[in-house]
Amino acid sequence: MLKEYRTARELVGPLMLVEGTSGVKYGELVEIEVGEGDIRRGRVLEADRDKALVQLFEGSADINLGRVKIRFLGRSLELPVSPDLLGRVFDGLGRPRDKGPAIVPEKRLDINGSPINPYARDYPSEFIQTGISAIDGLNTLVRGQKLPIFSGAGLPHARLAAQIARQARVLGAEEKFAVVFAAMGITFEEADYFISDFRRTGAIERAVLFINLANDPAIERIATPRMALTAAEYLAFEQDMHVLVILTDMTNYAEALREVSAARKEVPGRRGYPGYLYTDLATIYERAGRIKGRKGSITQIPILSMPEDDKTHPIPDLTGYITEGQIILSRELHRRGIYPPIDVLPSLSRLKDKGIGPGKTREDHADTMNQLFAAYARGKEAKELAVILGEAALSETDRIFARFAEAFEDRYVRQGEEEDRSIETTLNLGWELLALLPRAELKRVRESFIEKYYPGEKRVAG
């Protein structure tokens, strides 16, 4: 029989102080009965002698401290799991929001997960195809990697997230693949877009969605990515699936963390975020990876919108320290109508070399990637020079590279929202673009690959 307390003494925002407690543990789940049949949930944030600080998941409005009954449940927040998770839509606390039945669980898992022994980790080394050339060809996603997308307000990261979730796959017919999609602090319209897009394309059949709306409590937002990663760990390490976890938007998550920290009157760090923001983000990002002896894997794509497009803001800054690279969206490309507006030059996948080559993508992938990157960088420089000095000041070779950069953005970076390119299509497109350059300029590609794949001499019209 659970002991019931009626000793709530103080209520500040989502926090409630309970006195006279005994045996209460950090992270323990709490039931708060605020009226006849009105039961709200929370968890213990701090336990000190006979006092417990409880964080409410639902709102704290209309709570009369004199009538509140509090029960500590002796367990932390858990997610019921079974293979029936696939095809379902849940809220940020793991409750069905698709009008489907509750999950009949095989087991209940603590949403904080179990730390992976670093010695047991296996190195990411297999290719994941997203169907997007600017990622697959130049900033390859590798199974077990965490590769964030840095976006900004008004940029189409939601559309890009939906497209990746739709198209992502591991090559090999026998591999089981699933997508776990967690959205935090989004509007009702965005939630409707994601859910209807998954259903329209049939991607819902291999996906699990966790949706937290902007008007949901901040504490639920903090639980949402952990719910999603718990589902991913079950599918990956107990059902032997390769799972892609997409988390959007991590900025909303960090804002919720700041809100709760302020309510606790903690000493703020950079820009008001709690000093433990780095540690907290690491508890999410480090749940990606592969484990030796297990078939499954977890790959993460966290999406965050940089406030004022500032890469030095604490959220993208700390995320960059923990993850293995970043895909950066460009406002300039977006203004010019290029979708997806991926800014190739500052983007980076630190593990791309591990997931490409013979038996993974194609033998010429590394060479063409390096050559395309170098040629595009030179073309951008030539275009900038032309703005300052005029095109007449450029050499003929520089003009060719400038036109190459335009063709690269228009044909390689730009692609349709429903366009799913195979890695072969992406690599062949790269060769078509390299054919726009003089053959003597292909200094980063082996001669044997030029003989095998080079389409022939072509020139861009002036």
Is [X] salt-bridged to [Y], going by a charged N under 4.0 Å from an acidic O?
{"X": "Arg159", "Y": "Glu417", "result": "yes"}
{"X": "Arg294", "Y": "Asp122", "result": "no"}
{"X": "Glu419", "Y": "Arg166", "result": "no"}
{"X": "Asp309", "Y": "Arg331", "result": "yes"}
{"X": "Lys107", "Y": "Glu238", "result": "yes"}
{"X": "Glu31", "Y": "Lys69", "result": "no"}
{"X": "Arg221", "Y": "Glu255", "result": "no"}
{"X": "Asp38", "Y": "Arg40", "result": "yes"}
{"X": "Arg6", "Y": "Glu19", "result": "no"}
{"X": "Arg169", "Y": "Asp420", "result": "yes"}
{"X": "Lys51", "Y": "Asp48", "result": "no"}
{"X": "Asp310", "Y": "Arg271", "result": "yes"}

Just wondering, more than 12 heavy atoms not from [X] lying within 6.0 Å of its [atom1]?
{"X": "Arg49", "atom1": "CZ", "answer": "no"}
{"X": "Arg88", "atom1": "CZ", "answer": "yes"}
{"X": "Glu308", "atom1": "CD", "answer": "no"}
{"X": "Phe188", "atom1": "CZ", "answer": "no"}

**Message:** Is any side-chain heavy atom of Thr368 closer than 4.5 Å to one of Arg362?
**Reply:** no
**Asked** If we only count heavy atoms from C-beta on, is the Ser125 to Lys360 side-chain gap below 4.5 Å?
**Response** yes
Measure the [atom1]-[atom2] distance between [X] and [Y] for me, rounded to the nearest 0.5 Å.
{"X": "Gln55", "Y": "Leu45", "atom1": "CD", "atom2": "CG", "value": "4.0 Å"}
{"X": "Leu138", "Y": "Phe373", "atom1": "CG", "atom2": "CZ", "value": "8.0 Å"}
{"X": "Glu233", "Y": "Gln239", "atom1": "CD", "atom2": "CD", "value": "14.0 Å"}
{"X": "Ile315", "Y": "Leu281", "atom1": "CD1", "atom2": "CG", "value": "8.0 Å"}
{"X": "His334", "Y": "His157", "atom1": "NE2", "atom2": "NE2", "value": "10.5 Å"}

**Message:** Please determine whether salt bridge (Lys or Arg N to Asp or Glu O under 4.0 Å) holds for the pair Arg97 and Asp91, giving the CA-CA distance in whole Å, both sets of side-chain angles, and the decisive distance to 0.1 Å.
**Reply:** CA-CA 6 Å; Arg97 60 172 295 141; Asp91 69 7; over 6 Å; no
**Request:** Please say which of Leu235, Leu229, Val208 ends up in a side-chain contact (heavy atoms from CB on, under 4.5 Å) with Val245.
**Result:** Leu229
Is a side-chain donor or acceptor of [X] paired with a backbone partner of [Y] at a separation under 3.5 angstrom?
{"X": "Thr230", "Y": "Ile111", "value": "yes"}
{"X": "Asn212", "Y": "Gly185", "value": "yes"}
{"X": "Glu28", "Y": "Lys25", "value": "yes"}

How about [X] and [Y]: does a side-chain donor come under 3.5 Å of a side-chain acceptor?
{"X": "Gln163", "Y": "Tyr339", "answer": "yes"}
{"X": "Tyr453", "Y": "Glu363", "answer": "yes"}
{"X": "Asp110", "Y": "Ser76", "answer": "yes"}
{"X": "Asp136", "Y": "Thr426", "answer": "no"}
{"X": "Arg226", "Y": "Thr283", "answer": "yes"}
{"X": "Asn139", "Y": "Ser347", "answer": "no"}
{"X": "Gln145", "Y": "Ser349", "answer": "yes"}

Mind listing the closest non-hydrogen atom pair of [X] and [Y] along with its distance?
{"X": "Asp197", "Y": "Thr201", "result": "O-OG1, 2.9 Å"}
{"X": "Gly131", "Y": "Gln415", "result": "O-NE2, 2.9 Å"}
{"X": "Ala134", "Y": "Ile342", "result": "CB-CD1, 3.8 Å"}

**Asked** Between Tyr273 and His313, does the ring centre distance come in under 6.0 Å?
**Response** yes
**Request:** Run the numbers on Arg41 and Glu33 for salt bridge (Lys or Arg N to Asp or Glu O under 4.0 Å), then give the verdict.
**Result:** CA-CA 9 Å; Arg41 293 198 294 171; Glu33 189 174 333; over 6 Å; no
**Prompt:** Quick one: is the NZ or CZ of Arg71 closer than 6.0 Å to the six-membered ring centre of Tyr5, and within 45° of its axis?
**Reply:** no
**Request:** Show your reasoning for whether ring-ring contact (aromatic ring centres under 6.0 Å, His included) applies to Phe181 and Phe198.
**Result:** CA-CA 10 Å; Phe181 188 92; Phe198 272 79; 5.4 Å; yes
**Request:** Keeping to residues at least two apart or across chains, list the ring-ring contact (aromatic ring centres under 6.0 Å, His included) pairs with something in residues 88-127.
**Result:** Phe90-Phe210
